[in-house]
Number of protein chains: 4
Amino acid sequence: MDEFDIERPADPDLGDPILIEGLPGVGHVGKLAAEHLLEEFESELVRQIYSEHFPPQVTVEDGRTQLACAEVYAITGAERDLLVLTGDHQAGDGPGHYRLAATFLDVAAAFDVERIYALGGVPTGELVDEPDVIGAATTDAFVEDLEATGVEFRENEPAGGIVGVSGLLLGLGERRGYEAACLMGETSGYLVDPKSARAILEIIEAAIGIGIGYDSLVERAEEMEEVVKRIRQMEQSGTPSEEDLRYIG
Amino acid sequence: MDEFDIERPADPDLGDPILIEGLPGVGHVGKLAAEHLLEEFESELVRQIYSEHFPPQVTVEDGRTQLACAEVYAITGAERDLLVLTGDHQAGDGPGHYRLAATFLDVAAAFDVERIYALGGVPTGELVDEPDVIGAATTDAFVEDLEATGVEFRENEPAGGIVGVSGLLLGLGERRGYEAACLMGETSGYLVDPKSARAILEIIEAAIGIGIGYDSLVERAEEMEEVVKRIRQMEQSGTPSEEDLRYIG
Amino acid sequence: MDEFDIERPADPDLGDPILIEGLPGVGHVGKLAAEHLLEEFESELVRQIYSEHFPPQVTVEDGRTQLACAEVYAITGAERDLLVLTGDHQAGDGPGHYRLAATFLDVAAAFDVERIYALGGVPTGELVDEPDVIGAATTDAFVEDLEATGVEFRENEPAGGIVGVSGLLLGLGERRGYEAACLMGETSGYLVDPKSARAILEIIEAAIGIGIGYDSLVERAEEMEEVVKRIRQMEQSGTPSEEDLRYIG
Amino acid sequence: MDEFDIERPADPDLGDPILIEGLPGVGHVGKLAAEHLLEEFESELVRQIYSEHFPPQVTVEDGRTQLACAEVYAITGAERDLLVLTGDHQAGDGPGHYRLAATFLDVAAAFDVERIYALGGVPTGELVDEPDVIGAATTDAFVEDLEATGVEFRENEPAGGIVGVSGLLLGLGERRGYEAACLMGETSGYLVDPKSARAILEIIEAAIGIGIGYDSLVERAEEMEEVVKRIRQMEQSGTPSEEDLRYIG
C-alpha cells in the first residue's frame, strides 16, 4: 500500500457540491450529523481513502472486517448536491493529519466543491439542554453568512483552537482558496450527543438551503434522554448498567 | 540497513500453503499457537524479516544476541503445507505496522499462499475455563466455513476491532485479494494461556484438515493450572512468588 | 502542502539585521518580549512559515481561523534593522524541530542576518522579584559581549540545556557560521511573566544599541502583580477566580 | 542539515582498532567507563555525528552551547588502538536508533574496526558492593573469550534484551560481519556508579590486553560511597541535600 490508497467506486457529476465532514470527535457530534445525512438521503459511495496514517486496525461488524478508512458519499437528492465525508478514525500522527486533510481536499477539488463545512462538538463540561452552535470560518463573509443563521462566533472560542482534520480542512482549505467553516455543537463531552448533532444540522439546513428530516435522530435523542435520566439517578444511588455504558463516548 | 531487510535461508516449493501468523499479543495466545506448530511439526526457516520499525533491541539467549525480527517457517510434513509467521515483536509505530504487514504479504505472495489465518487472544477480564474462539474474516464465505468448525462470530466483537499486524493481514490482505481470517481465543488477559492456544489450534485442525498433537501444550496448560491455583490461594493470603510471576504475561 | 510552505508577503532590503526569536515557552517570556517589539515598533510581515511539523490545528480569533504557522516581521524604524520571529507553536516531533529551525535559518540567510538572539525563560520554581537574565552563546566573543551588558553565564545552567527551536537556532546556527545567543529571563514557570520579558529586552537594548519603550509591558506587569497578590491571598484562604486563571501559563 | 551530518576533524591511521561505545544509560555505567578511557589516555577527536534523530537541544557549559551529537575519539597510546564512542544522548525515535547505530557502524568500517564492545549497566534494584559484569555477544567464540575473563553469561539475562544503540551495535553489527559484545556492569539503577564502570573496564583490560589506571575513578567511587552512606542515614532520618541529589542519575 502507498501512503494513501484511494478507491473510486463511482464518479457522478455533481453541481457545485458542498463538502460536509463528520469524523469522530467530542460527543461524536460531527460523525452523528454526517451519518444522519446518509440515513435521511439516498447516497452513493464515491471514495474510500485508506492510509498508513490511520490507526493500524480493522473494525469488525458481524464477523466481517473492514480496514480503517475514510469514506466520501455523494447525495444528489437534496436541494443542493452534497459530499459527505465520514469514517471511524482520525490520523495517528501529526504530519498524518496534514496529509489526510490534504488528500480530502484533493477529493473536494475533483468534485469542484464550492464550500466546506466541518462538523464537530465543543465540550462544555456539563449537560446542555439547548445546545448552541459555535462557529469559525476562513473568511469574514462566511462568518457573516453563518451569523445570520444563528451560529455564534465568540471571542477566543474554542480556546484551544480546532484540532485534527476539521481544523485542517479550514486551515489548508483556505490556502487552496476554499471558503470553509467549522460548526461546533455544544455538548457535555461525556456522552454521545444526538441533540447537539441536530442543532448543527439545523444550521446546515438554513445555511445551504436544504430540508432535513429528524425522525431517527429524535429517537436517538430520546434514548439518550433516558440514559441521562438514569445517570442522574445513579449519581444519587449506584453504578451504571452495561447497557448505559454503551452510550458513554 | 534498509527499512526492511529480508533474509531468505531457504526457498522450498510449497503447494498452496496456508499462512498462519502468531505474533505477541493478549495472553500470548497467537504466539503460543504458532510456536506449538513449530514444535509439533518439522519446519524449515525460510525468511527472516528485520526492520527499523521493530523496537531497537536485541534479545539475549544464553549469552548470544538476536536482532529483533520476524521469522517465517515452512512446514511440509502436515496434511497441508503451512507457512508459520512468528517473532517477539510488533511494530513500534503506526505506519510501521502497515509496512510490516505489507512486507509479510509480499512473503505470502512469493509462496503463493492460499488463505491466511491470524491468531490471537481476546481478553475477557476473568479466568476462562473453556475458552471459545471468536472469529473475523474478510469474506462471507470464509465466515461460513469457520462457523461450521465452531468459531463464534458475534455482533460488534471484538469491540475495539483488531489492532496490529493481525488486523492488517486481514485489512491489507483483503485489498490484495487474499481470503484471511482472525481466530481469537478467549483468555483472561492476565496470564499466558496455553488452553486458549489449544482452542484455536483445534479450529485450525478442522478448518484446514490437519492433525495436531497436543502433549507439550497440555503440559504447559497443566503448569498454568498450578499457577492459577496458587494465584487463587494468594488472593486469600499473600503475595506471588518469583516463579509464579514468570507466567504472568 | 509540502513539508514546509513559505509565504513571502514582503521582501524589504534590510541592513545587516538582527534576528530575534520569541516562540512559546516557559512563562511565555520569549513570546511576550517578541510581541512587545512588534507593539513598540512599526513592523512589516515578511514571511509566514507553515509546516506539517506544527500541531495539526487552527487558532480562532473572533470567528476567523488561522492555520498554525510561524511569522517573521521586519522592523526598520529602530536604530538597528530587526527581524522578529514569533508564533503560537513549537514543532510536534523531534526531527520537525530540526527542520523548522533549519527553515528559520534559511529565512535568516535570505535577509543576510548578522546575529541571532533566541529569547526565553528559565524556570526558578518560585516567584522572582528582580529576574536576572541567564545567557548562552555560540562563541566566547559573544559570551563576553553579553557579560558586559549584565547577562549572567553560570556553570551548568540551564542544567537541562536549551530545548526546542531556541536551542537549535544556536546549535544549527553555529554550524552555518552564525553567532547566536539565547537570553533566558528568570521566571517562576507558573505565570505569564512580563517582568521577565522586560529584563530580556533591556539586555537587547544594550546589546544591539536600540531604545525600547515599555509602557504597555509595565501595564501588563502591573496586572500580573495584582494576580500574584491575589494568588498569595488565595494561598491563605481559597480557590482562584476564573479571571485569575487566564494568566496562569 | 541532512538526516546525519558528520564532521571529520582527524583521520589517523589505526591498526585494527577496537570500538568501545559508552552512551548514557542505566547508572551512566557505559558513559563513565568511556569517559574514563578518555581521561586516562591521550585521545584525538576523529568524528562528530549530528542528527535530527537526537533530541532537539543544545547542552550549555560555561555559557557555550554545543548541539546534541555523538563523538568518536581515537586512542593510540595504549597497547591496542581504540576508538571510543560517547555522547550525551540516545536517539529520540525507534527508526532513529537503527539509523544512528548504522551510522556508527559506517564510522567503524572507515577505521577497519576489528571488534566492538558496547558498555552499559544492568539494574539490580539494590545497592551492589561487588558488581559482576554480565555479557552478551554475537558469536559463541566471543562468548567463550569473555567467559575466560570473568564475564558472566546468564540464561535469559538481561531479561528485556538490550535496548538502544548498545543493542543495535551488536544486532546490526553482526549483520555486517562484526564480532561484537555488550558488557553490562551490575548497578542499583538509582545512582551514577563508578564502581560498576571500573568492573567493566577491568574486563576490557583482560579482554583486549591493555592496562588502565583507575585513580580518578577510585576518587569518584569514594565520593559515591559517601553519598550512599548519607542516603542510608537519610533513610533513617530525613531528606537529601541538594549536593547529594546531583549524583542521583
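Owing to the predicted nature of the structure, the values given are computational and were not obtained by experimental measurement. Every chain is numbered from 1 and lettered A, B, ... according to where its sequence line falls, protein lines coming before strand lines.
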B/F54 portion near chain D, given a 4.5 angstrom heavy-atom threshold =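 Its backbone and side chain both get close to chain D.
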
By a 4.5 Å heavy-atom criterion (distance strictly below it), what part of B/E7 contacts chain D: side chain, backbone, both, or neither?
->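 Answer is side chain: those atoms of B/E7 sit under 4.5 Å from chain D.
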
Please list, in residue-number order, every residue in residues 121-137 of chain D that has a heavy atom less than 4.5 Å from any heavy atom of chain B; write 'none' if there are none.
->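 Those residues of residues 121-137 of chain D which have a heavy atom under 4.5 Å from chain B are D/G135, D/A136, D/A137.
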
Enumerate by number any residue of residues 85-98 of chain D whose heavy atoms lie under 4.5 Å from heavy atoms of chain B; in the absence of such residues, state 'none'.
->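 Those residues of residues 85-98 of chain D which have a heavy atom under 4.5 Å from chain B are D/G94, D/P95, D/H97, D/Y98.
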
What do you reckon, is CZ of B/R220 surrounded by more than 12 foreign heavy atoms closer than 6.0 Å?
->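 For B/R220, atom CZ is not crowded (no more than 12 foreign heavy atoms under 6.0 Å).
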
Heavy-atom count around B/E42 CD within 6.0 Å, excluding the residue itself: above 12?
->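 Counting neighbours around CD of B/E42, 12 or fewer heavy atoms of other residues, nucleotides or ligands fall under 6.0 Å, so no.
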
Contacting moiety of D/E152, where chain B heavy atoms sit under 4.5 Å |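 Looking at D/E152, nothing touches chain B.
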
Engaged part of D/T139 at the chain B interface, taking heavy atoms whose separation is under 4.5 Å |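 Interface part for D/T139: backbone (N, CA, C, O).
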
Could you tell me whether the side chain of [Y] reaches within less than 4.5 Å of the side chain of [X], counting heavy atoms only?
X     : Y      : value
B/R64 : D/V143 : yes
B/T65 : D/C182 : no
B/V58 : D/V163 : no

Under 3.5 Å donor-acceptor, B/Q66 side chain and D/T138 backbone =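 Pair absent, no side-chain N/O of B/Q66 close to backbone of D/T138.
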
Residue selection (most heavy-atom pairs with chain B, distance under 4.5 Å) from D/L170, D/V165, D/I162, D/L105 |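 Going by pairs under 4.5 Å, I would pick D/I162.
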
Residue, of D/R99, D/R176, D/R175, that accumulates the most heavy atom pairs under 4.5 Å with chain B |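 Heavy-atom pairs under 4.5 Å are most numerous for D/R175.
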
Pick from B/Q57, B/E52, B/E61 with the largest number of heavy-atom pairs that fall under 4.5 Å of chain D |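 The answer is B/E52.
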
Return the option, out of B/T59, B/V60, B/D62, with the maximum number of heavy-atom pairs under 4.5 Å with chain D.
->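 If we count pairs closer than 4.5 Å to chain D, B/V60 comes out on top.
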
